[in-house]
Structures are given as structure tokens and as C-alpha cells.
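Comments concern the structure below.
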Amino acid sequence: PTVVLVTAEPGVGKSRLCHEFVERTGGVSLHYTRALSHGRMLPFHVMVALARSLFGVNEGASPSDVRDAVRDGLGTVQPDPIALDLWLDLLGVSDHVSAPSGLDPESRRTRLFQSLLRLIQGRARRELTLLWVEDLHWLDPASEAALEMLTQRFLAPESAGSRILLGDRQPLDGMGP
């Protein structure tokens with residue numbers, strides 16, 4: 001597993017460098033998203049976009065297509081009914097009021113993050129998988145926590161499979177917060 005963070009001043013070519021890397025790594029399954037400049041106030045916005053890519057559904061997909069894709073995607077990675085409800089809710093296609101899980105919000109978030117990790121690991125066992133998250137300096141706190149967890153797990157010695165998490169951001173003293 002490899003995690004790459006590209007950091008430089010605005011306009012020097014971080015995105016271009018990442019784009020060239022992607023173009024030269026043929027046969028890779030790319031899952032791209034970017035943090036929005038106004039996204040710090042949109043909880044999970046990067047994780048939702050990443051999940052849409054991993055589940056193979058776009059913004060215009062019908063609710064039934066999204067539900068089917070999420071069930072299929074999670075079905076291959078030890079389905080978790082709580083995580084399923086959370087994903088359907090985050091993707092805006094929950095067709096029912098979820099039963100109380102009995103979990104506090106932090107535990108629910110942990111289950112969601114673990115589900116995301118299993119989803120990525122499942123894909124990585126089948127194909128070389130590249131996650132590219134652009135403009136990390138605009139991450140919302142929930143997405144930032146998820147990416148931190150993914151990074152820690154990808155770098156852990158016991159991690160297996162081929163995964164690359166590629167990100168770019170401005171330096172802390174740049175134009176971002």
C-alpha cells in the first residue's frame with residue numbers, strides 16, 4: 001500500500017502532476033473526488049463522492065439503482081445493516097426510517113468508516129485501486145477523519161493488497177484554512 005500527499009503552492013502543478021501519474025498507470029481503477037471550497041460545512045461531502053465512485057453510481061442515478069449498487073457493493077464485503085442504512089441515508093436514497101441502532105454517533109461513524117475501508121479493500125483484492133482526493137485543504141471534518149483512518153490503515157504493516165491514496169493540498173500557510 002502506498003499513500004502519497006502532494007503539497008505545494010497554488011498554481012505550481014499539483015493537479016497536473018497527479019493527472020499525469022494517473023494517465024501513466026494504465027489498468028488502474030480510479031476513484032476521484034475533490035473537496036469543495038465551501039465544503040467544510042458539508043459533512044461527509046468527500047466521502048459521499050468517493051462512495052458514489054466506489055459503488056459505481058453517478059449523481060443522476062435513480063434511487064433504486066443507487067440502493068441496488070450499495071447493496072451489491074456491501075454484499076461482497078460482509079454486509080452490515082447499520083452501515084447499509086448509513087450509506088443509503090448519506091447518498092439520499094434511504095427508503096425507510098432506520099431502526100434505532102442503539103449506537104452513539106461516534107460508534108455509528110466508526111461503523112461507516114470501517115464499511116468504507118472494507119469496500120476499498122474488497123476492490124483492491126480484485127484490481128489495482130487508486131483513490132485520488134484533490135484539494136484536501138477544503139476537507140470537512142468528517143471526511144478528514146475518514147481519510148485519516150484510511151491512511152493509517154493503509155500504512156499499517158498488516159495491510160495487504162494494492163491501494164494507493166493520492167491527495168493534493170496547499171501548504172498550511174497557503175490560501176486554504
| CA sep, side-chain torsions, deciding dist, call: F154, L117, side chain to side chain contact (heavy atoms under 4.5 Å, CB included) | CA-CA 9 Å; F154 291 166; L117 177 64; 3.8 Å; yes

Got a donor-acceptor contact below 3.5 angstrom from the [X] side chain to the [Y] backbone?
X: T25; Y: V28; answer: no
X: K14; Y: E9; answer: yes
X: R34; Y: V133; answer: no
X: R111; Y: S107; answer: no
X: S143; Y: L139; answer: no
X: H45; Y: G39; answer: yes
X: T129; Y: E127; answer: yes

At what distance, to the nearest 0.5 angstrom, does [atom1] of [X] lie from [atom2] of [Y]?
X: F44; Y: L50; atom1: CZ; atom2: CG; result: 13.0 Å
X: H137; Y: S37; atom1: NE2; atom2: OG; result: 8.5 Å
X: M41; Y: L36; atom1: CE; atom2: CG; result: 13.5 Å
X: D135; Y: T33; atom1: CG; atom2: OG1; result: 10.0 Å
X: R126; Y: Q121; atom1: CZ; atom2: CD; result: 12.0 Å
X: E106; Y: R109; atom1: CD; atom2: CZ; result: 4.5 Å

| message | Any donor-acceptor pair under 3.5 Å linking the side-chain atoms of S29 with those of H31? | response | yes

| said: Set out, in order, the CA-CA distance, both residues' side-chain angles and the distance that settles side chain to side chain contact (heavy atoms under 4.5 Å, CB included) for L86 and S115, then state yes or no. | reply: CA-CA 10 Å; L86 290 169; S115 171; over 6 Å; no

[X] side chain near [Y] side chain, heavy-atom distance below 4.5 Å:
X: V66; Y: P63; result: no
X: W138; Y: V46; result: no
X: L74; Y: R118; result: no
X: W132; Y: E134; result: yes
X: L147; Y: M47; result: yes
X: L5; Y: L136; result: yes
X: C18; Y: V6; result: yes

List the atom of [X], the atom of [Y], and the distance in Å for their closest heavy-atom pair.
X: N58; Y: G60; answer: OD1-N, 3.0 Å
X: A69; Y: V57; answer: CB-CG1, 3.3 Å
X: L91; Y: R52; answer: O-NH2, 3.4 Å
X: L30; Y: S53; answer: O-OG, 4.1 Å

| Is the distance between the ring centroids of F55 and W87 less than 6.0 Å? | yes

| Single-linkage hydrophobic cluster, 4.5 Å side-chain cutoff, F113 and L42 together | no

| task | Show the numbers, then the answer: is there a side chain to side chain contact (heavy atoms under 4.5 Å, CB included) between L116 and L54? | result | CA-CA 9 Å; L116 177 62; L54 289 162; 3.8 Å; yes

| request: Give the intermediate values and the outcome of salt bridge (Lys or Arg N to Asp or Glu O under 4.0 Å) for residues D140 and R40. | output: CA-CA 4 Å; D140 62 276; R40 293 200 55 76; over 6 Å; no

